[in-house]
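Written below as C-alpha cells is the structure these notes are about.
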Amino acid sequence: MFALPGIVGLLLFIFVRPHEFVDAFRGLPMLYLFFALAVWGMVVDLRVGLAKPVRTPQLNYILLFLTWCAFTMVVRSPATLASELPNLLILLVIFLAIGHGIQSLRAFQLVCGFLLAFTLFVAFISAHQGLGEFECVQVDAYTHGSDMAGKPDGRPCQSADTCALDAPEPEAGYRCEKVGLFGTTSIGHGRVRYLGVLQDPNEMSLAVCVGLPLAIGFLSRKRSATRTAVFVVALLLVAMSTVFSQSRGGQIVFLATLGAYFVRRFGWKGMIAAAIMAAPIMLLGGRSGAEASASSEERLEAWGTAVTLFKQFPLIGVGCRQFLEYHFITAHNSYLLAPAELGFPGFVIWSSIVYISAKTPIMALKRYANEPGAGVVRTWAMALTASYIGLCFGIFFLSFCYHFVLWVYFGMSGALFSAIKRHDPGFQVRFGGRDLAFVATACALILLAVGLYTRMKGAS
C-alpha cells in the first residue's frame, strides 16, 4: 500500500523524534511532510484499487469532537483559535492517516511491527538512561516541570547543590540528573523519560506499556526463537523503563495490559497471576516519602480545580486547552480535563470516541471467536483490547485528551475495522442509543465520584 511510508513516518515523528537529535532533520517540517506523503499514498491506493472508501465507527464522533473543541475556543478564548486550531487538525490527520490508510490485515500487522519497534526504541533509551550516572545538567531557570530538558556539562554529581559549586556559569540553574543517549536527561533526580510528547516520565511509561501487547501479538502469531527473544527483550525493556520512570500510573498500566491476557486465558483468577508477575515492578517502581506525598497533593488539588471549573461552566467548559489559564498544572486526569475544558457534552463526545475505539477490537474478538481462518484477527484484536485496557486506566492519571499517543491508538482501532471490513463487508461496530446512554451515565458517575472524593479531601 502506497500510504504505508507516510503512516510509518508519522509514527516515527511522534515516537522517535529524530528531528530533535539528528542535525540533518532539524528545522524540517517532518509532520507535514509525512502527512502529505500519507495523503498522496491514500489517493494512489484508491485510484489503483488497493483501497476503498471506508467510514470508520469513530469518524463522525471525532469530527464532532474537534468541531466542539473549536466552538469552545471561539466562545471562551477566541484569541487562541489561530494558534490552537492547527493542533486539533493534527489529531485529525493522525486518525485519518492510520485509521483510513490501512485497509488490509497484512498492512495492519506491518504497522504494528513499526509501532512496536518505535515503542521499544523509546523503552531502550529510557532503560539505558536509568542505568546511567548522575551528571550536572544546566537548565533555564525560567522553565519548569517536564520542559526542563537542560544541557549536561559532564560533571558527576550527587545533588543539585554540588552542581552549583564551581559551576562554569554560576548564574545558570542546575539539576543533578541521569544522562542518556541523544541528549536525553531524567527529571526529579533520576526519573527517566524521553523527548517530545514523551518527555514526561508518566506519559513515557504509559506509551511503552500499552505497546507491550504488540510484542505478545507477534509471538502469538508465530512461535519461534526470534519472536520469543523479541518478547522477552520487550518485557524487560518495558519493565525497566517503568521502574526507572518511578511512575505509579505506569505500574497500573503494566499490570492492566498483562492482566488482560491472563484474564482472557484463565478467567478472573488470571488477574492473580498477572499481579504476581507485575509484583517486582510494583515493589521496585514508584515514589514514596515526601516527594510522593507532595505529588499526590498537587494532583488532588488539580482534580479539585477541574471539578470546580466544571461546576462553574457545565455546558461548554472553560475552553479547549485553557485549563492552565486557571491552574498552574494540568488536570492530571483525562476524565476531568475533558469536562473542565469542554463541558459535559464535550466529555460525552470524547468518551464516546474512547468507547467505540475499545469496542471495535472487542466486537472483533466476539465475531471471530470460533472462526478457523480468523486467527490473525483474533490476535490483533486481543492486542488492541489489552492496549485499550491499559490506556483507560492510565489516562485516569494523565491529561491525555489531545495526546498524540492516544490518537495513534484511536487510529489503530479504526485501521483494524478498515482491514476487517475489506475481508468481511458484514462486520459492523454500532453505537446506538443504549451505548450513548451507557457512556453518558458513566461520565456522570465519574464526575460524581471524583467530586465527592475531592470534597472529602478538601480539594473542592
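Quantities reported herein were computed from a predicted structural model and do not represent experimental measurements.
Checking side-chain atoms of Trp303 against main-chain N and O of Thr454 turns up no donor-acceptor pair under 3.5 Å. Listed for the Arg155 side chain is a donor-acceptor partner under 3.5 Å among the backbone atoms of Cys163. Looking only at distances, no side-chain donor or acceptor of Lys457 sits under 3.5 Å from a matching main-chain atom of Leu452. Side-chain atoms of Ser351 never come within 3.5 Å of backbone atoms of Val348 as a donor-acceptor pair (strictly under, hydrogens ignored). With Glu177 contributing its side chain and Gly190 its backbone, the two residues share a donor-acceptor pair below 3.5 Å. Checking side-chain atoms of Lys178 against main-chain N and O of Gly130 turns up a donor-acceptor pair under 3.5 Å. One N or O on the side chain of Arg76 and one on the backbone of Gly317 form a donor-acceptor pair closer than 3.5 Å. Between the side chain of Thr257 and the backbone N or O of Gly390 there is no donor-acceptor pair closer than 3.5 Å. Ser205 places no side-chain N or O within 3.5 Å of a backbone atom of Pro201 that could act as its donor or acceptor partner.
Counting only N and O atoms by type, the side chains of Glu203 and His403 include a donor and acceptor under 3.5 Å apart. A side-chain N or O of Thr330 and one of Ser399 form a donor-acceptor pair less than 3.5 Å apart. Arg299 and Asn333 are not linked by any side-chain donor-acceptor pair at a separation below 3.5 angstrom, with hydrogens and angles left out of the test. Side-chain atoms of Glu341 and Tyr326 form no donor-acceptor pair, as typed in the model, at a separation below 3.5 Å. Side-chain atoms of His100 and Thr56 form a donor-acceptor pair, as typed in the model, at a separation below 3.5 Å.
Using a 4.5 Å heavy-atom threshold, the side chains of Phe231 and Phe218 count as separate. Using a 4.5 Å cut-off on side-chain heavy atoms (C-beta onward), Thr185 and Arg175 make contact. Side chains of Ser247 and Thr242 form no contact here, defined as non-hydrogen atoms less than 4.5 Å apart. The side-chain heavy atoms of Gln129 and Leu181, taken from C-beta on, include no pair separated by under 4.5 Å. Side-chain contact check for Leu195 versus Ile125: every heavy-atom pair is 4.5 Å or farther apart. Phe95 has its side chain out of reach of Ile90: every pair of non-hydrogen atoms, C-beta onward, lies at least 4.5 Å apart. Between Gln322 and Thr80, some side-chain heavy-atom pair lies under the 4.5 Å cut-off. Between Phe134 and His189, the closest side-chain pair of non-hydrogen atoms falls below 4.5 Å.
Residues Thr441 and Ala437 approach most closely at OG1-O, 2.7 Å, considering heavy atoms. Across all their heavy atoms, Ser413 and Pro361 have their closest contact at OG-CD, 4.0 Å. When all heavy atoms are compared, the tightest approach of Val253 to Gly394 is CG2-CA, 3.5 Å. In plain terms, the two heavy atoms of Phe344 and Cys443 that are nearest each other are CE1-CB, 3.9 Å. Of all non-hydrogen atoms in Ala331 and Ala306, the two that sit nearest each other are CB-CB, 4.4 Å. The minimum heavy-atom distance linking Met204 with Val192 is given by the pair CE-O, 3.6 Å.
Stacking of Arg321 on the aromatic ring of Tyr402 is recorded, both the 6.0 Å distance cut-off and the 45° axial limit being met.
Ile98 CD1 to Leu11 CG: the interatomic distance, rounded to the nearest 0.5 Å, is 5.0 Å. Between atom CZ of residue Phe35 and atom CD1 of residue Ile94 there is a gap of 10.5 Å, rounded to the nearest 0.5 Å. Distance CG/Leu12 to CE/Met30: 5.5 Å, rounded to 0.5 Å. Note that CG of Leu91 and CZ of Phe65 are 7.5 Å apart. Values are rounded to the nearest 0.5 Å. One distance of note links CG of Leu63 with CG of Leu92; it measures 6.0 Å at 0.5 Å rounding. Here the CG atom belonging to Leu406 is positioned 7.0 Å from the OG atom belonging to Ser334, to the nearest 0.5 angstrom.
Residue-environment remark: CZ (Phe182) exceeds the threshold of 12 foreign heavy atoms within 6.0 Å. Around CZ of Arg55, the count of heavy atoms belonging to other residues, nucleotides or ligands within 6.0 Å does not exceed 12. In Phe427, the CZ atom is crowded: over 12 heavy atoms of neighbouring residues, nucleotides or ligands sit closer than 6.0 Å. Taking a 6.0 Å sphere around CZ of Phe438, one finds it holds 12 or fewer heavy atoms contributed by other residues, nucleotides or ligands.
Aromatic ring pairs are classed by plane angle as parallel below 30°, tilted from 30° to 60° and perpendicular above 60°; the pair Tyr388 and Phe410 is parallel. Using the six-membered ring where Trp is involved, Trp350 and Phe347 have ring planes that are parallel, under 30° apart on the 30 and 60° scheme. A parallel orientation is assigned to the rings of His19 and Phe13, their planes being inclined by less than 30° (bins at 30° and 60°). Classification of the Tyr335-Phe396 ring pair by plane angle, with boundaries at 30° and 60°, yields tilted. Using cut-offs of 30° and 60° on the angle between ring planes, the pair Tyr355 and Phe431 is perpendicular.
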Working for side-chain contact (heavy atoms from CB on, under 4.5 Å), residues Leu212 and Tyr261: CA-CA 11 Å; Leu212 183 58; Tyr261 279 94; over 6 Å; no

Test ring-ring contact (aromatic ring centres under 6.0 Å, His included) applied to Phe15 and Phe118, step by step: CA-CA 6 Å; Phe15 286 87; Phe118 297 153; 7.2 Å; no

Ile356 vs Phe417, side-chain contact (heavy atoms from CB on, under 4.5 Å): CA-CA, chis, key distance, verdict: CA-CA 11 Å; Ile356 297 170; Phe417 175 86; over 6 Å; no

Worked check of ring-ring contact (aromatic ring centres under 6.0 Å, His included) between Phe404 and Trp407: CA-CA 5 Å; Phe404 287 174; Trp407 284 74; 9.5 Å; no

side-chain contact (heavy atoms from CB on, under 4.5 Å) assessment of Met73 paired with Glu84: CA-CA 9 Å; Met73 285 191 285; Glu84 293 294 347; 3.4 Å; yes

side-chain contact (heavy atoms from CB on, under 4.5 Å) assessment of Asn202 paired with Arg191: CA-CA 9 Å; Asn202 300 303; Arg191 298 189 67 201; 3.0 Å; yes

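Cys401 pairs by the disulfide (SG to SG under 2.5 Å) definition with nothing, not counting sequence neighbours. Partners of Cys157 by disulfide (SG to SG under 2.5 Å), not counting sequence neighbours, listed by chain and number: Cys176. Scored by the disulfide (SG to SG under 2.5 Å) test, Cys69 finds no partners at all (sequence neighbours excluded).
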